[in-house]
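A short worksheet on the structure shown next.
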Amino acid sequence: MTRLGQIFLGLILIFLYTPIVVLMAMGFNESELYELPFKFSTRWYSALSTNTELLTSGFNSIVLAVITAVVATSIGTLAALALSRRTFRGRNLLQLLLLPPIAIPWLITGTAMLIFFFWTGIGRGMHALIIGHVALAVPYVVLVVGTGMKSVRADLEEAAMSLGSTPIHAFFAITLPLLFPSILGAALFAFAVSLDQFVISYFLSSPGYTTLPVQIYSAIRKGFTPEINAISTLLLLGSMTAILIFARFAKPGAPK
Amino acid sequence: MTTVSVQNVAKSFGTIPVLHDIDAVFPQGTFTSLLGPSGSGKTTLLRIIAGFVAPDQGEVTIGEKDVTGIPVWGRNIGMMFQSYALFPHMTVARNVAFGLERRGIKGAEAQKAVAEALDMVHLSDFGDRMPKNLSGGQQQRVALARAMVIKPSVLLLDEPLSALDRRLRQEMQVELLRIQRQTGLTTIFVTHDQEEALTLSDRIAILDKGRIVQSGAPEDIYENPQTRFAAEFLGDSNFLTGVVEAGGVRLPDGTLIQTTATLHANGQKATLAIRPEKMSPTPLEGATNHVAAKILTVIYAGPALSYLLQTPDGTRLKLFQANRDGTLMREGDSITLHWSPAHSIPVQN
Amino acid sequence: MPNKATPQRASKGARILPQWVSTTALLLPAYGWLTIAVFLPLLTMFLFSFMNKTPMGKAPIEFTLRHYRAFIDQPYLIKIATNTLLMGLWTTLACAILGFLAALALVRCTHGARRETLLILILLPFWTNGLVRVFSWTMVLRENGFLDNIWHWIAPAAGSIAILYSREAIVIGLVHGYLPYMILTCYIALVTIDDAIIEAAQSLGARWWVILTKILIPLAAPGLISGAVLTFVPVIGSFMEPRILGGKVGVTMGTVIEDQFTQAFNWPLGASLSFTLLAVTMAIFATFSGVLRRGTGGTA
């Protein structure tokens, strides 16, 4: 019985990783038309290094992910502090309001943003993408930092105050150092959320400013070469690294 | 002189009243326990004195100073928490030095004070350890050193021993008392453990439903409880209820129970509290009160024997005896209980 | 002890300002941002869904309920909606069966560090780019792709088994996307079941199928349900997966909505269809809100 279970888990892993491995391998295959047998070549990575369209959008994606991580982590951490340390009316409602950006299909959120940004004159492009990505990342930051706050007991701050700390000093001397791993974890999480985001970006990017996933999508739709495999491989490795580092700082498996 | 006093303090959380009109004085150098069950308001009272909670009305003074409007960090208190509340990212020495730094004491002077404080709690060699590498008892000693090193005006203890096991708790009780006596610090100790309160305190204040129902020296409260609640919460008690008649209380079955205390006017209802260890199954000189009862259960606990009894009219009674010669009465035996009128204490219901 | 019951555990912060001021200051940036980026847009979309046409140029806008009658006026939408729901059901069903069994295997057949590694390996793809993973399936499923090549190697005489551009391909891609999440929610539910419960059942003479149907599945139900909801909802709103893996057969509510915004430029119709989808989503969440709150271990 144990053997059977392990074999089943092996099959699940094969199912999960086969396409990813095939995708990565095809980036190293000579044939432009993905023809087999496999013949090793790095020509697609060389080609990639001169493909300004893909490189620019990749650069855009990284910049966007960094901005998203910084902004979402800052404002999300503040909200998490209030939600976990203060009691006030409407706190449960505010916690509930974190769910729509996570739970509503991105297609709906994305098209709603498109309408609203168009209607108010905010428009599309980098600033619109920042607004959208931060909004998607903030709830995760609040959840991750809020979980971290649970491990920083309120009586530590009280102990500091009984010894003469003002609330602000207690926060910087006690709470912040203890919370730091959670905040770093939340930032990595926000980075990954932004880097992997396609649907929202698809509706909010402008012809002059696209992200890598949007560029990959239009390539898939219009015709593509294994260069796409090469850049996809880099993207996958990037977010896998971010998540593995995150897993070291916080527990893996937060709800998506 | 740092006498702490609380005048006319009341507090509600939302619509729920937690404390009503509390007046209390904690004289210089005394060790006072706030004793009460969960929800009695004892922790809230301590947190009002500390400054974590602002009272809705009333005043708190520490020494000569009215501190009602002063926040926690300006009150110069030492506090110990149930969870120790050591800063997990700092060494033991830095934990102890934290309050000194806040007072601008640094360098050699601070080091000396920290060393003295750690020496006082017998942890001289532990300064470089992290809190997580200490046992529960050691952590609590560090917390004590941290609270004492700043030379606070008052030491506030929020059930600091309740997380320790029994043996360690007794050790810490002795330690706490030694240090408190040595420093002569006014100390206020919140607990729900009556034994702990009796062992440690000069004075006990019993709280029930947001009021101080009785306060005084432990032996005064134990020997002369004023309410049924105080009699039951501090120690164990038997209660007999009847009608006042001729300087005694007439029970429903006709027995007249005598007491040396003054009672209400004749014809009014009255309840008498009698400590179970003050009763005897054998006649004693001066024990002029008698009640017949039948033994329901015998509880053998080594040095002490407890009997659960029932009188003919159904009242349940307890009897405690020292195990002098190893002979036990049996379940089902009918006996007569004897006690002195001085041990019948009238209490309010 | 009493302070556990007291709602105001936090100290009365700085005395200079009342506490609500600092609380508001802490909350305002995040919730202001969410208001501008999510809540106002959803409201605006609701408003747009009643307009007779996209408000461009000078032509006056009239308000109409016409777009909410689309399912009656354009019967082909009913067929698309049915297909979308079927796609959601098949994906959810496949995820539930595979996910429950995989979680069971994790809990009963693995231990310690090995189990932790397996969990991370299973969850890792979930956090990588969904678009790239869908794209990767085209390499596997296409004619003369990876699967086809293996098949030809096993059975050289047989025909092609390429299934790219079919409903099956879409479901495979979606299952690949959401299976890790289902495994996680089932795992969280199953891992809390005490071994003693199963041993007790065995000692009472229960066979494995009785243990499975009377103990494991009922106790894992919260995990199964929350996994199912959080699979079904995004699947019926998907548009990129059907486009890439379904080609011409990949017409779903998601692609129809996308078309209104990017091709047909009929934003009010897109908005009303989006809102209908949102209503379905909300109804599903409302129905299972109790289970979701317990099943995923709360929200904050």
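With a 4.5 angstrom heavy-atom cutoff, C:F39 touches chain A only via side-chain atoms. Residue contact with chain A, scored on non-hydrogen atoms closer than 4.5 Å, involves the side chain of C:I244 exclusively. Heavy atoms closer than 4.5 Å to chain A are found in the side chain of C:L179, but not in its backbone. Both the backbone and the side chain of A:Y217 come within contact range of chain C, with heavy atoms under 4.5 Å apart. With a 4.5 angstrom heavy-atom cutoff, A:L236 touches chain C via backbone and side-chain atoms both. At a 4.5 Å heavy-atom cutoff, A:I231 makes no contact with chain C through either its backbone or its side chain. Of the two parts of C:T24, neither the backbone nor the side chain holds a non-hydrogen atom closer than 4.5 Å to a non-hydrogen atom of chain A. Heavy atoms closer than 4.5 Å to chain C are found in the side chain of A:M26, but not in its backbone. Proximity to chain C (any heavy atom under 4.5 Å) is shown, for A:L16, by both the backbone and the side chain. In this structure, chain C has heavy atoms under 4.5 Å from both the backbone and the side chain of A:A103. Using a 4.5 Å cut-off between heavy atoms, C:F285 contacts chain A through its side chain alone, with no backbone atom that close. Interface remark: C:R114 contributes side-chain atoms only to the contact with chain A (heavy atom separation under 4.5 Å). Looking at A:F8, the atoms closer than 4.5 Å to chain C (heavy atoms on both sides) all sit in the side chain, from C-beta outward. Both the backbone and the side chain of C:T23 come within less than 4.5 Å of a heavy atom in chain A. With a 4.5 angstrom heavy-atom cutoff, C:I257 touches chain A only via side-chain atoms. Heavy atoms of C:L147 lying under 4.5 Å from chain A are absent altogether. There is no contact between C:L141 and chain A, counting heavy-atom distances below 4.5 Å. A:V134 touches chain C through backbone and side chain together, each having a heavy atom under 4.5 Å away. Heavy-atom distances place the side chain of A:I243, and not its backbone, under 4.5 Å from chain C. For A:V71, the part sitting under 4.5 Å from any heavy atom of chain C is the side chain, from C-beta outward, and nothing else. The contact between A:P100 and chain C is made entirely by side chain atoms (from C-beta outward), counting heavy-atom distances below 4.5 Å.
Ring pair C:F261/A:F203 is perpendicular by interplanar angle, where above 60° counts as perpendicular and below 30° as parallel. Relative ring orientation between C:W137 and A:F15 is described as tilted, the plane-to-plane angle lying within the 30° to 60° band.
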| field | side chain to side chain contact (heavy atoms under 4.5 Å, CB included) between A:L136 and C:V38, worked out | value | CA-CA 9 Å; A:L136 291 189; C:V38 178; 5.7 Å; no
| field | side chain to side chain contact (heavy atoms under 4.5 Å, CB included) between C:F135 and A:N229, worked out | value | CA-CA 9 Å; C:F135 171 59; A:N229 295 54; 3.8 Å; yes
| Where do C:L131 and A:I220 land on the side chain to side chain contact (heavy atoms under 4.5 Å, CB included) test, with the steps shown first? | CA-CA 10 Å; C:L131 170 73; A:I220 295 170; 4.3 Å; yes
| query | After noting the C-alpha distance and the side-chain angles of A:Y17 and C:L121, does the key distance pass the side chain to side chain contact (heavy atoms under 4.5 Å, CB included) rule? | reply | CA-CA 9 Å; A:Y17 282 92; C:L121 277 178; 3.7 Å; yes
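For A:L93, the CG atom is densely surrounded, since the number of other residues' heavy atoms within 6.0 Å is greater than 12.
What you find for C:I36 and A:F116 is that their closest heavy atoms are O-CE2, 3.5 Å. Looking at every heavy atom in both residues, A:I12 comes nearest to C:A102 through CG1-CB, 4.2 Å. Shown here for A:I108 and C:M45, the closest heavy-atom pair between the two residues is CG2-CE, 3.6 Å. Across C:A105 and A:G5, no two heavy atoms sit closer than the pair CB-O, 3.6 Å. Shortest non-hydrogen contact noted between A:L13 and C:L118 is CD1-CD2, 3.5 Å. Among all heavy-atom pairs drawn from C:W127 and A:V193, the shortest one is CZ3-CG2, 4.4 Å.
In this structure, the side-chain contact (heavy atoms from CB on, under 4.5 Å) partners of A:S31, at least two apart in sequence or on a different chain, are A:N29, A:L33, A:E35.
Atom CD1 of A:I115 sits about 13.0 Å away from atom CG of C:L40, to the nearest 0.5 Å. One finds the CG atom of C:L98 at 10.0 Å from the CG atom of A:L11 (value rounded to the nearest 0.5 Å). The distance from atom CE of A:M240 to atom CG of C:N129, rounded to the nearest 0.5 Å, is 11.0 Å. Atom CG of A:L114 sits about 4.0 Å away from atom CH2 of C:W267, to the nearest 0.5 Å. Between the CE atom of C:M139 and the OG atom of A:S232 there is a distance of 8.0 Å, given to the nearest 0.5 Å. A distance of 8.0 Å separates CD1 in C:I150 from OG1 in A:T18, rounded to the nearest 0.5 Å.
Comparing C:F48, C:W20, C:F146 by heavy-atom pairs within less than 4.5 Å of chain A, the highest count is held by C:F48. Per-residue counts of heavy-atom pairs under 4.5 Å with chain C were compared for A:V145, A:L237, A:T166, A:L94; the largest is that of A:L94. Top candidate by heavy-atom pairs under 4.5 Å with chain C, chosen from A:F224, A:W119, A:F88, is A:W119. Ranked by heavy-atom pairs shorter than 4.5 Å toward chain C, the options A:L107, A:T109, A:L81 are led by A:L107.
Without hydrogens or angle criteria, C:W33 side chain to A:I131 main chain gives a donor-acceptor distance under 3.5 Å. Using a distance-only test at 3.5 Å, with no hydrogens or angles considered, no donor-acceptor pair links the side chain of A:Q6 to the main chain of C:T110.
When only modelled atom types and interatomic distance are considered, C:S22 and A:R86 share a side-chain donor-acceptor pair under 3.5 Å.
C:V132 has its side chain out of reach of A:D196: every pair of non-hydrogen atoms, C-beta onward, lies at least 4.5 Å apart.
Screening residues 231-245 of chain C for side chain to side chain donor-acceptor pair (under 3.5 Å) gives C:R243-C:E258, C:R243-C:D259 as the qualifying pairs, with residues at least two apart or on separate chains.
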